[in-house]
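Below is one structure, written out as structure tokens, with a few remarks after it.
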Amino acid sequence: MTRIAARFAACAAEGRPALVTFVTAGDPDYDTSLAILKGLPAAGADVIELGMPFSDPMAEGPPIQRASERALRGGQTMDRTLGMVRAFREGDANTPIVLMGYYNPIYSYGNERFLAAAAAAGVDGLIVVDLPPEADDELCVPAMKHGINFIRLATPTTDDKRLPAVLNNTSGFVYYVSILGITGTASPDTSKVATAVARIKGHTTLPVAVGFGVKTAVQAAALGRTADGVVVGSALVNAIAGTLDSAGKARPETPAAVLGLVSELAGGARLARMAAAE
Amino acid sequence: MNVQNTYRSGPDERGFFGLYGGRFVAETLMPLILSLEEAYEAAKKDPAFAAELEDLSTHYAGRPSPLYFAERLTEHLGGAKIYFKRDELNHTGSHKINNTLGQILLARRMGKTRIIAETGAGQHGVATATVCARFGLPCVIYMGATDIERQQPNVFRMKLLGAELIPVTAGNGTLKDAMNEALRDWVTNVEDTYYLIGTAAGPHPYPAMVRDFQSIIGREAREQIVEREGRLPDAIVACIGGGSNAIGLFHPFLDDPTVAIYGVEAGGHGLDVENGHAASMTGGRPGVLHGNRTYLLQDAEGQILEGHSISAGLDYPGVGPEHSWLKDSGRVTYVPATDREALDAFQLLTKIEGIIPALEPAHALAYVTKLAPTMAKDQIIVMNLCGRGDKDIFNVAKHLGMNIG
């Protein structure tokens, strides 16, 4: 069983959704980012999405755009992102790590070289926003050969006719984008999301995680009643941004601020099914 | 080596020109792009669509644009005869209207009620705001804050035309950042919004569709030069930012082996200046951005560079995918022209022919001034004069150290 499958199964066995946390690798600098990464599991993150910074993140709202800019200004590279995963794996053999980003930095690194390095570093999955199923031969199919899950985004515009194409070749979990729009903006409508999650589950046995616009423990609890996982990204990135000094540098309290929010969100996720049972 | 029967058959059914093109977009946009393709294919087969577009092109945009023999410039350069395809005489002052008319008709057929667009020099923004005013549709234009600064006349025109102008401060505040924001708008407003892309780039079917709408330039030029000279030209030349005016001129000539084709990129401060130019093909390498694989300005990590050009319309780190393919196949020769050379050409044409060109085609002209003297006097060059320079006079004055403000 893969790390991703094992982790979703363990959360399900505990009767709760998985908390999937997103931070951008290297935001605002390598050391701070690694400290946050290493602290995530103890704070309650079940699955880690690690953003590969990109100069032109078309699907992201301002918080994650700025996180990418900070990381790139701080000298983040693909090798350093993979190095962070390796460093994390030295202390944690079980928490799945999914790299999330855009195709060009991978393409520039070389697809095969990237997949080999990612697999060796202990990466479990990939989310590449601008690779739809029509482009599966680019990276998705080669990733599977390296034992790396390729996690696809399903969205409110993915209708029943298109859904099978989106799910075909998807592995690990399905990421349901809960709103029309970019990350960290509008808040999802819980009842609409529940209907969409049920619709996707009608087509797949994979776990379904819900993200885009989830900011608070209350939202996480509400969405977690139906979803197998809840993804939080912009809120964590905002927590990083909120602690930076006037020059944009990390302060000693930066990791604790992020990890404190993760603990709160984890509490929300744990409450999800209890609230539903009441 | 494979011998091609034709250079005019692309893209394939998946939207690729060889390695280039495709549909590299977020899932939210995929269903929209597929339905756009379907709607465009249906429109292409509908004689009523063609008739409506032709009527507007003739009576609203002023087509056909003249083909003008630049006698004094020809004499001055002392070589090949130089003809200009006068697309700067179109309504709104550039070739951009050819595409916006086509796409607004398509948007109406699709029942879309809100139009968004990106713009660099503001020419596409003006052309979009114009057709939106003509058809009574709300229009939102994304424009980089830096470009707003250097293209004030067009900013005012768009506002007069009723468009909502949204300044983009992300990145360097130029065309690529405006395109990112337009894509973010589209993904948020998928139900009612039509994204009217201004250049022959982006996800399939945009590169092919924009090319088709712009090919009127080349079709007319071909007919006009044959009528005037009794034969095809020896060379055709156009400037390249995203490359829509160029592909529009080139496409009808691609299968004529006697016609040499030159695309002129923005060489900025020079190709040897890192991040100091916007020559994606002569100074970049293939990558994926804004929905297509194409030549891009990027660093060693695949991060996109902003590039630089004196011309806001050429200041884009990518290029339409068909150009990338035409470069690799060798059919078209791509060359850079620097800011300085474009400024010189701008002044030359103004003084010698009484035509103030936009800074974009001034790049094409800069290459013509090098090419023409190497050719015989009975040879013929056709250059696309794709925009007029009214919008650039403040910017040019600044570079020439004049104060007209």
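Chain A is the first sequence line, chain B the second, and so forth, proteins listed ahead of strands; every chain is numbered from 1. Note that these values count all heavy atoms, side chains included, but never hydrogens, waters or copies made by symmetry.
A side-chain donor-acceptor contact under 3.5 Å links Asn111(A) and Tyr103(A).
The greatest number of non-hydrogen atom pairs below 4.5 Å with chain A, out of Val190(B), Asn189(B), Leu183(B), Leu29(B), is found for Val190(B). Taking Gly181(A), Ala186(A), Ala154(A) one by one and counting their heavy-atom pairs under 4.5 Å with chain B, the maximum is reached by Gly181(A). Top candidate by heavy-atom pairs under 4.5 Å with chain B, chosen from Val129(A), Leu131(A), Asp79(A), is Val129(A). Contact tally against chain A (heavy-atom pairs below 4.5 Å) for Asp185(B), Leu289(B), Ile304(B): the top residue is Ile304(B). Interface summary for chain A: among Met30(B), Glu301(B), Arg184(B), the most heavy-atom pairs under 4.5 angstrom belong to Arg184(B). Between chain B and the residues Pro133(A), Pro62(A), Pro57(A), the largest count of heavy-atom pairs under 4.5 Å involves Pro57(A). Chain B forms more heavy-atom pairs under 4.5 Å with one residue of Ala59(A), Pro53(A), Ser108(A) than with any other, namely Ser108(A).
Residue contact with chain A, scored on non-hydrogen atoms closer than 4.5 Å, is absent for Leu305(B). Interface remark: Glu134(A) contributes backbone and side-chain atoms alike to the contact with chain B (heavy atom separation under 4.5 Å). Contact annotation for Pro156(A): neither backbone nor side-chain heavy atoms come within less than 4.5 Å of a heavy atom of chain B. Heavy atoms closer than 4.5 Å to chain B are found in the side chain of Val166(A), but not in its backbone. Neither the backbone nor the side chain of Ile106(A) comes within contact range of chain B; no heavy atoms are under 4.5 Å apart. When heavy atoms are compared at a cutoff of 4.5 Å, Glu138(A) approaches chain B solely by way of its side chain, counted from C-beta outward.
Ring centroids of His269(B) and His277(B) are separated by 6.0 Å or more, keeping the two rings apart. Close placement of the Tyr195(B) and Trp186(B) rings is indicated, their centers lying within 6.0 Å of each other.
Cation-pi geometry between Lys327(B) and Tyr295(B) is met: under 6.0 angstrom from the ring centre, within 45 degrees of the axis. For the pair Arg152(A) and Phe150(A), the NZ or CZ position fails the cation-pi test of under 6.0 Å to the six-membered ring centre and within 45 degrees of the ring normal.
A 6.0 Å sphere centred on NZ of Lys249(A) holds no more than 12 heavy atoms belonging to other residues, nucleotides or ligands.
The closest side-chain heavy-atom distance from Ile182(A) to Glu60(A) is not below 4.5 Å. Between Glu306(B) and Thr174(B) there is a side-chain heavy-atom pair separated by less than 4.5 Å.
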